Novice: 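The structure's right below; bear with me while I get my questions together.
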Number of protein chains: 2
Amino acid sequence: MYAPERQQEILRLARDGGRVDVVSLAEEFQVTAETIRRDLKALDRAGLLRRVHGGAIPAGRLDFEPDLAERETTAADEKDRIAKAALAELPEEGTMILDAGTTVARLAGALPLEASLTVVTHSLPIAARLADHPGVQLHLIGGRVRHRTRAAVDAWALRAYGEIRADVVFLAANGFSAEHGLTTPDLAEAAVKRAALAAARRVVLLADSAKHGQEHFARFGGLDEVDLLITDSGLSPEDATAIERGGTEVLCV
Amino acid sequence: MYAPERQQEILRLARDGGRVDVVSLAEEFQVTAETIRRDLKALDRAGLLRRVHGGAIPAGRLDFEPDLAERETTAADEKDRIAKAALAELPEEGTMILDAGTTVARLAGALPLEASLTVVTHSLPIAARLADHPGVQLHLIGGRVRHRTRAAVDAWALRAYGEIRADVVFLAANGFSAEHGLTTPDLAEAAVKRAALAAARRVVLLADSAKHGQEHFARFGGLDEVDLLITDSGLSPEDATAIERGGTEVLCV
DNA sequence: CCCATGTATGCCCGTTCATGCCCACATCGA
DNA sequence: TCGATGTGGGCATGAACGGGCATACATGGG
């Protein structure tokens, strides 16, 4: 049996049964657990399955985002502190743009109930979180929705951001450094981030220190375009001063 | 049972019952209270639940939820049957528009995992449901988000619908009748519905029979613009034939 | 026909994850 | 204010994971 056949069959089993587990599959197909894990990883990457510890669940069956909840465990405390610190940067009664990203999502979740703001976002999870916030006037940016990040991209999103002007944007990046600027793996997403960045008077970057020095495929701006960087104390003082020399205020929490 | 499955189930229980508590959940799932606490913390971090001492309540349930919870349970069986029947109207490999509404949301949740479709929607809950679906190319319609329905309205939404052409639209209405057509309480929402209606070659209306004869403030179309009405058997045969005389096919399930 | 290259799989082993247990501390209700 | 109950941190454990390497088989060009 060829690997693609096996994967096809695994997918069928997962959809039929609602779940699969590594050891039973290994037994079933007479291969080792490693091979099954490789299969599941491939199917997960293809977006067809959701990998969980011990097995997998067909994509589309859970209406919450395990990958988001999972990534939440990575540097969760730092992200929380960063989000808390970002609350101080909220405009009073103004307009802000929220980029897609787990740290920014935390900020959205931490918005005080008595806040009165206009929020613009192209992130589906963030919009869902703010849709019932009594003080938030929410504006959703449309577009094609990327499965992995659940964020809207492409023409509609770019045009919409081109038509607005906000007081502040809270931006996320997968990598940042003084030399290579702000980067993210996906080109389409980078384009939207660039548009969001250009639509705000003030740019606040929320990124934990593990992102520093990382470079990804698509660059959407330079650190000099960022007015304030909020990160955690994992950023070395030398790096911080180097960034501040570029005109970006740095806040380590 | 995997942790994400358990969390999904906890979320469902919380939404159904309005609240959950640690000890009952621990008993229910045959795990210790610590594990449940960890689950609740994860769901809290993901913004789906709000942790309280001894348990948790669904997020954002405080102001608008009773309304939605009630609507969810009202005529749940009928809505499910209607949604199931609507599955037969899906285009093959085509494009469809999903209007905002609980019945349409059920249709979205019932889409087979192996379906391959392009879906356009201005409803946040429906988008959230489909964002994870492997076979769905999702396009989100932007705009101002109404708190009550969590649907995008206003200029951006109208323009976006004006730019597309879909095979079919699955429409919802708060009231319908041969005399007064399709109505809904909100003007802005009616405008979007009208735009969605105009953007599709075929119009399918999903509405349980309790909606028949009801009239609301804003009218967004006539029953003659509807190609197919799917409703439940609560619609009297006379009413059904009256509607069919207007050129609308009627399916009672 | 041969050998270089690539791919699928298996095996080993240090690392991570989910869960349970324990205990000091916080919170709630009377 | 006090006892009961819930909470979160630390630690232990067994299962699952994944990177690195070896093997075997297929592929493809000379």
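Please read all numbers here as calculations on a predicted model, not as lab measurements. Proteins get letters first, then strands, A, B, ... in listed order; numbering begins at 1 in each.
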Novice: Do any N or O atoms from the side chain of B:H133 and from the backbone of B:G135 form a donor-acceptor pair under 3.5 angstrom?
Specialist: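 Side chain of B:H133 to backbone of B:G135: a pair is present.
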
Novice: With sequence neighbours excluded, what pairs up with A:F29 under the side chain to side chain contact (heavy atoms under 4.5 Å, CB included) test?
Specialist: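 Testing A:F29 for side chain to side chain contact (heavy atoms under 4.5 Å, CB included), a comparison that skips the adjacent residues, returns A:M1, A:R6, A:E9, A:I10, A:L13, A:L25, A:V31, A:I36.
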
Novice: Keeping to residues at least two apart or across chains, list the salt bridge (Lys or Arg N to Asp or Glu O under 4.0 Å) pairs with something in residues 214-241 of chain A.
Specialist: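 Sorted result for residues 214-241 of chain A: empty, none.
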
Novice: Answer yes or no: does atom CD of A:E244 have more than 12 heavy-atom neighbours from other residues, nucleotides or ligands under 6.0 Å?
Specialist: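 More than 12 within 6.0 Å, yes.
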
Novice: I need the NE2-C1' distance between A:H53 and C:dT19, as an integer number of Å.
Specialist: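 So the two atoms are 10 Å apart, to the nearest Å.
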
Novice: Could you note down all residue pairs passing salt bridge (Lys or Arg N to Asp or Glu O under 4.0 Å) where residues 17-33 of chain A supplies at least one of them, sequence neighbours left out?
Specialist: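 Of all non-adjacent pairs touching residues 17-33 of chain A, those that pass salt bridge (Lys or Arg N to Asp or Glu O under 4.0 Å) are A:R19-B:E5.
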
Novice: What's the separation between atom CD1 in A:I141 and atom OG in A:S123, rounded to the nearest 0.5 Å?
Specialist: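 A:I141 atom CD1 to A:S123 atom OG measures 11.5 Å (nearest 0.5 Å).
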
Novice: In a table with atom names and distances, give each donor-acceptor pair under 3.5 Å that connects a side chain of residues 112-120 of chain A to protein atoms at least two apart or in another chain.
Specialist:
none

Novice: Name all residues meeting the ring-ring contact (aromatic ring centres under 6.0 Å, His included) criterion together with A:H212; count only those two or more places apart in sequence or in a different chain, and write none if there are none.
Specialist: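 With neighbours one apart ignored, the set is A:F176.
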
Novice: B:D80: what forms a salt bridge (charged side-chain N to carboxylate O under 4.0 Å, His left out) with it, not counting sequence neighbours?
Specialist: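 Salt bridge (charged side-chain N to carboxylate O under 4.0 Å, His left out) check on B:D80 returns B:R106.
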
Novice: For the helix from C:dC1-D:dG30 to C:dA30-D:dT1, what is the angle between the axes at its two ends, each from 5 pairs, rounded to 10°?
Specialist: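 About 40°, once rounded to a multiple of 10°.
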
Novice: Could you tell me whether A:K41 and A:D44 have a side-chain N and a carboxylate O separated by less than 4.0 Å?
Specialist: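 No, no charged N to carboxylate O under 4.0 Å.
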
Novice: What are the residues of residues 33-49 of chain A, sorted by number, that bring a heavy atom to within less than 4.0 Å of DNA chain D?
Specialist: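 Correct list: A:R37, A:K41.
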
Novice: Considering residues at least two apart in sequence or located in another chain, which fulfil the side chain to side chain donor-acceptor pair (under 3.5 Å) criterion with B:T35?
Specialist: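 Residues passing side chain to side chain donor-acceptor pair (under 3.5 Å) with B:T35: B:T32.
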
Novice: By the salt bridge (Lys or Arg N to Asp or Glu O under 4.0 Å) test, which pairs, at least two apart or in different chains, include something from residues 181-205 of chain A?
Specialist: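 Salt bridge (Lys or Arg N to Asp or Glu O under 4.0 Å) check on residues 181-205 of chain A returns A:E89-A:R202, A:D99-A:K193, A:R146-A:D186, A:R146-A:E189, A:D167-A:R201.
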
Novice: Return yes if some donor-acceptor pair links the side-chain N/O of A:H147 with the main-chain N/O of B:V136 below 3.5 Å, else return no.
Specialist: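 Checking the backbone N and O of B:V136 against the side chain of A:H147, a donor-acceptor pair under 3.5 Å is found.
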
Novice: Measure from CD on B:E5 to P on C:dT19 and round the result to the nearest Å.
Specialist: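 About 11 Å, once rounded to whole Å.
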
Novice: Let's see if you get this right: which residues in residues 7-31 of chain A place a heavy atom under 4.0 Å from DNA chain D?
Specialist: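 Close to the strand are A:V22.
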
Novice: Need two values: the first and the last nucleotide of DNA chain D, 5' to 3', having an atom under 4.0 Å from any heavy-atom of chain A.
Specialist: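 Going 5' to 3' along DNA chain D, contacts run D:dA16 to D:dG19.
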
